[in-house]
Protein chains: 2
Amino acid sequence: MPPRERDTARTRRTVLDAAARTVAKQGAGVSLDVIAREAGVSKSGLLHHFRSRDQLLLALAQDQVDTFAAEVRAAVDPADHAAGRLVRAYVKAIFDSLGDDTAISEHLLLSAALSTVPGVAEILQRDARQWEAAFTSDGLHPDRVLIITKAADGASLATLYEGGSNPAALERTRELLLSMTRGEGSFTG
Amino acid sequence: MPPRERDTARTRRTVLDAAARTVAKQGAGVSLDVIAREAGVSKSGLLHHFRSRDQLLLALAQDQVDTFAAEVRAAVDPADHAAGRLVRAYVKAIFDSLGDDTAISEHLLLSAALSTVPGVAEILQRDARQWEAAFTSDGLHPDRVLIITKAADGASLATLYEGGSNPAALERTRELLLSMTRGEGSFTG
DNA sequence: ATTAGCCGACCATCTGGTCGGTAGTACAGA
DNA sequence: TCTGTACTACCGACCAGATGGTCGGCTAAT
């Protein structure tokens with residue numbers, strides 16, 4: 001095989017995707033063997049790219065964080081220049097990722113992997129701080145941001161509690177949260 | 001040793017508590033040996049009370065769900081007869097459990113254990129349905145309940161993301177959510 | 001000739017779980 | 001009250017299988 005970067009990068013990607021899938025399905029306890037098989041490489045091949053199990057899960061955590069950030073960026077409506085555009089994108093990104101077949105969101109995936117792997121907590125904390133900072137310049141009242149984003153996070157948890165996601169309820173929650181980003185969310189019920 | 005129920009019940013409790021602690025710390029992948037040592041019994045002793053690892057984790061899940069329900073019940077203010085009293089208790093119970101030293105809330109603990117253990121999902125789903133049912137007769141607008149409870153759930157996730165809980169931020173979130181249960185939460189910022 | 005991606009074989013260790021045994025209690029009968 | 005029997009909480013030793021990780025080697029592109 002060529003030592004070209006392309007192949008290395010591609011294999012790493014394949015392994016990372018396989019890891020994400022298997023961890024989401026079977027929890028953070030999955031064996032390297034299973035991940036390797038899912039990725040279509042040997043365990044040795046996997047270990048050639050990630051020197052240990054911990055390094056793989058660490059890379060996975062970072063990758064998930066980066067992927068989610070990219071999804072939020074992609075979800076920003078270019079025509080939207082009103083206050084709360086980033087929060088809106090955040091909500092959309094979360095619910096979009098909830099919609100597809102992956103039953104457990106990446107938030108849960110990470111939380112499961114956390115306790116075992118040493119460096120993951122730091123990655124998550126840094127990420128959380130960055131989101132908080134980004135939201136402060138989004139033009140919405142801090143309390144409103146707090147409620148909306150926490151509720152969105154909680155909704156991702158709900159797919160776990162409530163089992164096979166209830167699409168109608170998810171849609172309702174999503175629209176409710178989006179309306180709150182537009183200042184309409186002052187329910188007096 | 002006496003075959004008295006007292007001792008059996010006490011040992012089971014000890015093991016369950018030890019399991020909760022170790023799972024919260026090291027994830028659902030903890031070995032029976034570690035749990036047994038934490039509980040001060042031998043692995044065989046543990047297996048005498050819980051016939052398999054899955055049964056232990058299943059019992060743990062059910063116990064956590066029951067414990068939380070009891071905490072909510074205890075958090076209901078007897079003098080409070082206004083609409084939303086149950087939601088208020090729910091919020092209080094979550095934030096109270098977040099406050100103590102156990103860094104990871106039982107919600108997270110369960111989610112981590114879920115993917116591996118077969119029966120846990122059903123337990124969580126049944127529990128979620130019961131809460132939903134209970135909330136419908138609490139006198140608050142469904143949308144309001146949805147937002148508040150999901151935000152409370154999300155806040156428990158946040159202790160994970162944000163690492164060692166930020167007491168001030170938690171307190172602010174808690175008060176914000178409580179005020180929303182009283183209908184004051186119509187922020188127009 | 002060198003280098004890098006990848007593999008199969010292998011190993012020490014740990015895993016959940018079984019098995020046979022011990023000790024202490026409760027209770028029956030004398 | 002003493003004795004024997006049944007029962008139960010609990011333990012140590014053990015096992016088969018799985019696990020993370022190492023090592024030497026093969027192949028192909030540079």
Side-chain angles (χ1 to χ4, degrees), chain A residues 1-23 25-61 63 112-120, chain B residues 1-23 25-61 63 112-120:
Chain A
M1 295 289 188
R4 298 179 60 191
E5 274 183 42
R6 281 290 168 76
D7 289 329
T8 291
R10 202 195 308 165
T11 305
R12 276 184 66 101
R13 189 95 294 277
T14 306
V15 170
L16 242 23
D17 289 344
R21 257 176 281 136
T22 54
V23 169
K25 250 181 287 182
Q26 310 191 32
V30 249
S31 69
L32 295 184
D33 219 41
V34 169
I35 299 177
R37 210 169 308 142
E38 171 86 16
V41 298
S42 70
K43 196 173 67 174
S44 312
L46 187 158
L47 283 165
H48 174 72
H49 290 283
F50 303 93
R51 275 190 277 205
S52 73
R53 190 191 143 81
D54 279 6
Q55 276 208 13
L56 168 61
L57 293 182
L58 214 62
L60 175 61
D63 183 60
L114 175 136
S115 11
T116 321
V117 186
V120 173
Chain B
M1 295 287 190
R4 297 180 62 191
E5 276 183 40
R6 281 289 166 75
D7 290 329
T8 292
R10 202 195 307 162
T11 305
R12 274 184 66 103
R13 188 95 297 278
T14 305
V15 171
L16 242 22
D17 290 344
R21 258 176 280 135
T22 52
V23 169
K25 248 182 288 182
Q26 309 190 32
V30 249
S31 68
L32 294 185
D33 218 41
V34 170
I35 298 176
R37 210 169 308 145
E38 171 86 15
V41 297
S42 69
K43 196 173 66 173
S44 311
L46 186 157
L47 283 166
H48 173 72
H49 290 283
F50 302 94
R51 275 190 276 207
S52 72
R53 183 172 199 279
D54 279 6
Q55 276 207 12
L56 169 61
L57 294 182
L58 215 60
L60 175 61
D63 183 60
L114 174 135
S115 10
T116 321
V117 186
V120 174

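Side chains included, hydrogens not; waters and symmetry mates left out as well; all remaining heavy atoms used. Chain identifiers are assigned alphabetically (A, B, ...) following the order of the sequence lines, protein sequences preceding nucleic acid strands; residue numbering begins at 1 within each chain.
- Per the geometry, CD1 belonging to A:I35 stands 11 Å off P belonging to D:dG21, to the nearest Å.
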Its contact letters, B for base, S for sugar-phosphate only and - for none at protein heavy atoms under 4.0 Å, make nucleotides 12-19 of chain C read ---SBBB-

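- For A:T8, no side-chain nitrogen or oxygen approaches OP1 or OP2 of C:dA4 to under 4.0 Å.
- Side-chain contact check for A:L16 versus A:F50: some heavy-atom pair is nearer than 4.5 Å.
- With rounding to whole Å, B:R37 atom CZ is found 14 Å from D:dG12 atom C1'.
- Between A:T11 and C:dG5 there is no side-chain N or O to OP1 or OP2 distance below 4.0 Å.
- Side-chain atoms of A:L56 and A:V15, non-hydrogen and from C-beta on, do get closer than 4.5 Å to each other.
- A:H48 has a side-chain polar atom (N or O) that falls below the 4.0 Å cut-off from OP1 or OP2 of C:dG5.
- Residues meeting the salt bridge (Lys or Arg N to Asp or Glu O under 4.0 Å) test with B:D33, sequence neighbours left out: B:R37.
- Between the CZ atom of A:R12 and the C1' atom of C:dA4 there is a distance of 15 Å, given to the nearest Å.
- At C:dC6, one or more side-chain N or O atoms of A:H49 fall inside 4.0 Å of OP1 or OP2 (strictly under the cut-off).
- A:I35 and A:L46 get closest at one heavy-atom pair: CG2-CD1, 3.8 Å.
- What separates CG of A:L46 from C1' of C:dG8 is a distance of 15 Å, to the nearest Å.
- With rounding to the nearest 0.5 angstrom, the CG atom of A:D63 is 11.5 Å from the CG atom of A:L58.
- Under the salt bridge (Lys or Arg N to Asp or Glu O under 4.0 Å) criterion, A:D17 pairs with A:R13, not counting sequence neighbours.
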